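Just so you know, these numbers come straight off a predicted model, no measurement behind them. Below, read A as the first sequence line, B as the second, and so on, with proteins coming before strands; counting in each chain starts at 1.
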Amino acid sequence: MTTTTDSRADALREAVVAWFDDAARDLPWRHPDRTPWGVLVSETMLQQTPVVRVEPVWRTWLERWPTPADLAAAPTADVLRAWGRLGYPRRALRLQECARVIVREHGGEVPDDEAALRALPGVGEYTAAAVRAFAFGRRAVVVDTNVRRVLARAVAGEALPRPTPTAAERALAAGLVPSSDGDAARWAAASMELGALVCTARAPDCAACPVRDLCAWRAAGHPPDAHAARRRTQPWHGTDRQVRGRVMALLRDASGPVERERLLLVADDAAQVGRCLASLVEDGLAETPPDEPDLFALPGGDTSGGGAGTD
DNA sequence: AAAGCGGGGTG
DNA sequence: CACCCAGCTTT
């Protein structure tokens with residue numbers, strides 16, 4: 001991949017980075033004393049969860065489990081409770097498994113190369129690139145939802161990127177990444193921040209945008225979203241996801257196993273709840289104590305010999 | 001390529 | 001109430 005070197009690309013990169021120097025949020029995972037592990041934890045928590053909700057959980061999490069070895073050794077029930085309401089609790093499971101792989105295969109240190117990062121549970125293309133850039137200051141093509149939107153507007157002249165990324169889109173993003181490690185890492189953080197703070201999805205603040213005079217979307221008169229018809233808003237009310245979430249909330253708040261009968265009350269459709277309980281067990285998010293098929297608890301959280309778990 | 005997977009803040 | 005959020009995994 002070659003870096004685009006035309007003057008317009010240069011102007012875009014320089015304007016965004018200069019803006020970032022002044023406008024960057026003071027986020028804890030950007031502090032000088034952060035560790036690669038802290039960055040990996042933040043990136044995992046930030047997968048589909050907004051910054052404001054992640055920040056307090058990240059602080060207590062890193063205080064409690066400052067290294068991969070600490071998280072690897074923790075009871076999974078404690079991990080799921082600490083994850084709280086961040087959503088997608090399978091991420092917490094994968095993060096703990098990730099910690100165990102790091103301990104087992106990487107001497108307890110977060111790896112810094114692309115292939116090793118991608119091999120970690122829960123680490124995909126974006127997270128691997130983000131860890132390389134933000135934890136190690138290395139060059140990486142970091143393309144998240146913010147960067148996709150910024151490039152869709154500023155370069156492609158569209159209101160929003162298409163629902164699923166294309167090869168052309170990633171090539172465009174790759175071509176804009178500066179060649180040096182330091183510049184590339186700064187560009188990654190800056191382009192993401194611009195999308196998060198100024199070039200937002202709902203109400204972009206074009207008047208405050210450092211690249212407003214370079215923006216193809218603005219130059220075209222802010223045409224509407226060309227891909228709107230192909231977007232599907234995911235249902236929520238009455239779905240398995242909602243029911244699973246309610247079950248998990250109950251299990252988190254209980255100090256011990258919970259009776260199936262009580263869990264069935266989270267929704268009108270008992271069959272649906274039963275299906276969700278089975279899927280949660282299948283996913284490793286819940287388990288039934290030995291010879292107790294009508295009790296459910298968070299995994300590895302068995303504290304006593306079986307008495308009724310009272311809050 | 002598309003579906004499944006949480007939860008809550010916001011216009 | 002629809003939409004969105006520093007995505008990943010599986011089909």
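Contact annotation for A:Arg85: backbone-only contact, meaning every heavy-atom pair under 4.0 Å involves sugar-phosphate atoms and none involves a base. Using a 4.0 Å heavy-atom cutoff across all strands shown, A:Pro89 reaches sugar-phosphate atoms only and no base atom. Counting any heavy atom pair closer than 4.0 Å across all strands shown, A:Gln234 reaches a base atom. The residue A:Leu27 sits close to a base: some heavy atom pair falls under 4.0 Å. Among the heavy atoms of the strands, none lies under 4.0 Å from A:Arg118. Residue A:Ala130 is out of contact with every strand shown, counting any heavy-atom pair closer than 4.0 Å. The residue A:Arg25 sits close to a base: some heavy atom pair falls under 4.0 Å.
Within the structure, side chain to side chain donor-acceptor pair (under 3.5 Å) pairs that include any residue of residues 38-51 of chain A comprise A:Glu43-A:Tyr126, A:Gln47-A:Thr127, A:Thr49-A:Arg91 (at least two apart or interchain).
Judged by distance alone, with hydrogens and angles left aside, A:Arg53 brings a side-chain donor or acceptor within reach of the base of B:dG7, the pair sitting under 3.5 Å.
Reading DNA chain C from its 5' end, the first and the last nucleotide to sit under 4.0 Å from a heavy atom of chain A are C:dA2 to C:dT9.
For A:Arg91, no side-chain nitrogen or oxygen approaches OP1 or OP2 of B:dG6 to under 4.0 Å.
Two residues, A:Ala249 and A:Arg202, neighbour DNA chain B, and the one matched to the more 5' nucleotide by heavy-atom proximity is A:Ala249.
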